[in-house]
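Quick notes on the structure that follows.
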Amino acid sequence: MFSIKRFISFIICAVLLLSGCTGSPDMPSFSFPDKSSRTSSSTQSEPDSVTESSRDISEPSSDTSEPASTAETSEPVSEANAPEVDSVVLSHDPINEKTIEVNGKTAVISGKTADSPVDHMSVFPREAAKFDLNSDKYGFTAEVDLTDLQTDFLTVTVTYEDGHYDEVELAVTQNGFEIWELSDVVENNGNVVKNAIEQPQNQVAEYIVKGGKPDDIRKVLEEIQALSDEICAGLDSDYDKLRAISRWVSANIYYDYPAYDRGVPDETLSLKYMLDRHSSVCGGYSNMTSALCAAQGIKCWNVHGGALPGGRTFLSSNNSEYHEWNFAEIDGRIIWIDSGWNSYCYLRRDGTYDDGGICYRYFDIGEEYFALNHKANYAEYRDYFAILR
């Protein structure tokens, strides 16, 4: 079985310009960046007469009476038949941006590592590929080359010095790697964003203080405003404030297993509960994120839908679990956020708080990457501070 010999090296460095945005929390009107950031291009391959097994120079033919034809090697491969490079953005965050590119049997993940350098990488199944990692404190490039096409998927894991990691699952065909195709989930999520609603004020009040009176609600919102101002102190752009808020929620709200075992009482999702106990479940993470954003005038919505934890994806499963997360809008651009899935902090069933740190994968994640395990049903905006106006 012959194939084209390829050596590919990619270096990707893209810097997103950040700018702040203020204004009233109107209903969303935005664009989706990943559709323009996923690209395809053609590259010229080596002649068909060169095979993958010819890494060593073969012995010359004993027949030297007739010169070898150069017709096959001198004619460039037409663009129509050239291998296609496919790429998709994993993260838009300028200090944590990442992109993956695939070309035949080679995949390259590259990006920045402003928070924590990449420590090591791995692939699964291990025998299906060889890999190489180049990393320093500024960025990394991880290259994977298929050696076995018998697997359907290959999972690439990049682990950072602070312990968090990113996983990317790629489809494998007889032609090599393929970027996943989840346009239906991406389109669904986009439609949910465009059709987001505003939640009635009486329902919003229950997310502030369960059954609370106006004075109780006012007191909690004053605490939220003070906390948000503290988190965002010294930050100028709304984007930097949004990142800081998301990270604070991930690092300071602990997943509440005792509340989960009780069936998640409504009070568990309230801002007061989280201010008092620093714990909640996914709906609480989402609620706190959007409330802290509202205190800064950042437009942030709460999303209800289905998610696939445990490494599962919508490529092979539709058996999702109920989940909540957020999206924000800054300068007309959608920013997907899941502060709960970025958190490794847990309130254990014995009442102990287990601080496992945070990761950054689900902040300003690429919409196609996000669609692997997040599928929205509906989204709502909560005008928390209307009661104070």
Side-chain angles (χ1 to χ4, degrees), residues 197 199-228 231 245-295 300-310 320-328 337-359 362 374 376-387:
I197 62 174
Q199 191 170 49
Q201 196 59 39
N202 64 320
Q203 295 179 18
V204 176
E206 294 294 295
Y207 279 100
I208 300 171
V209 182
K210 178 64 179 175
K213 298 178 181 179
D215 287 345
D216 298 327
I217 294 173
R218 180 180 299 273
K219 181 180 179 180
V220 170
L221 289 178
E222 288 174 350
E223 292 184 47
I224 289 293
Q225 183 69 61
L227 175 58
S228 183
I231 294 169
I245 287 170
S246 175
R247 291 189 176 190
W248 186 93
V249 174
S250 298
N252 291 276
I253 303 300
Y254 292 67
Y255 191 87
D256 197 327
Y257 281 104
Y260 177 83
D261 292 341
R262 297 196 308 271
V264 188
D266 290 342
E267 66 171 351
T268 307
L269 307 179
S270 72
L271 299 176
K272 178 171 176 51
Y273 184 93
M274 285 179 281
L275 289 171
D276 291 343
R277 295 175 56 91
H278 281 263
S279 66
S280 188
V281 294
C282 63
Y285 285 91
S286 171
N287 190 33
M288 180 61 81
T289 300
S290 58
L292 291 171
C293 285
C300 185
W301 282 258
N302 300 84
V303 184
H304 304 254
L308 292 170
S320 61
E321 302 174 10
Y322 176 78
H323 189 49
E324 292 185 36
W325 60 93
N326 301 94
F327 72 82
I337 310 160
D338 192 335
S339 301
W341 276 26
N342 270 347
S343 176
Y344 299 146
C345 301
Y346 309 101
L347 173 57
R348 300 298 185 183
R349 290 179 171 88
D350 62 1
T352 60
Y353 286 80
D354 182 1
D355 183 359
I358 68 174
C359 70
Y362 295 100
H374 285 69
N377 291 335
Y378 67 97
E380 58 194 14
Y381 179 79
R382 298 170 186 167
D383 192 352
Y384 297 91
F385 289 86
I387 194 171

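Because the structure is predicted, anything quoted here is derived from the model rather than measured.
Not one N or O on the side chain of Asp338 forms a donor-acceptor pair closer than 3.5 Å with the backbone of Trp325. Within the 3.5 Å criterion, the main-chain N or O of Trp301 finds a donor-acceptor partner in the side chain of Asn326. Formation of a donor-acceptor pair under 3.5 Å by the Ser343 side chain with backbone atoms of Gly340 is not found in this model. Here the side chain of Gln201 pairs a donor or acceptor atom with the backbone of Asp383 at under 3.5 angstrom. Checking side-chain atoms of Gln225 against main-chain N and O of Ala295 turns up a donor-acceptor pair under 3.5 Å. Checked by atom type and distance alone, the side chain of Ser290 pairs as donor or acceptor with a backbone atom of Ser286 at under 3.5 Å.
Judged by distance alone, the side chains of Asn342 and Arg247 never bring a donor and an acceptor atom under 3.5 Å apart. Side-chain contact annotation: Ser339 with Ser246, donor-acceptor N/O pair under 3.5 Å present. Between the side chains of Asp256 and Ser280, no donor N or O sits under 3.5 Å from an acceptor N or O. Side chains of Tyr273 and Asn287: a donor-acceptor N/O pair is absent below 3.5 angstrom, by distance only. Side-chain polar atoms of Tyr353 and His278 form no donor-acceptor pair below 3.5 angstrom.
Annotation for Met274 and Ser279: closest pair CG-O, 3.4 Å, computed over non-hydrogen atoms. Minimum heavy-atom separation, Gly306 to Asn377: N-ND2, 4.4 Å. The two residues Gly212 and Ile217 have their closest heavy-atom pair at O-CD1, 4.0 Å.
The aromatic rings of His374 and His323 stand perpendicular to each other, their planes meeting at an angle above 60°, with 30° marking the opposite boundary.
Within 6.0 Å of atom CG in Asp215, 12 or fewer heavy atoms from other residues, nucleotides or ligands are found, so the atom counts as exposed in its surroundings.
Aromatic rings of Tyr255 and Tyr257 (six-membered ring for Trp) have centroids within the 6.0 Å cut-off, being under it.
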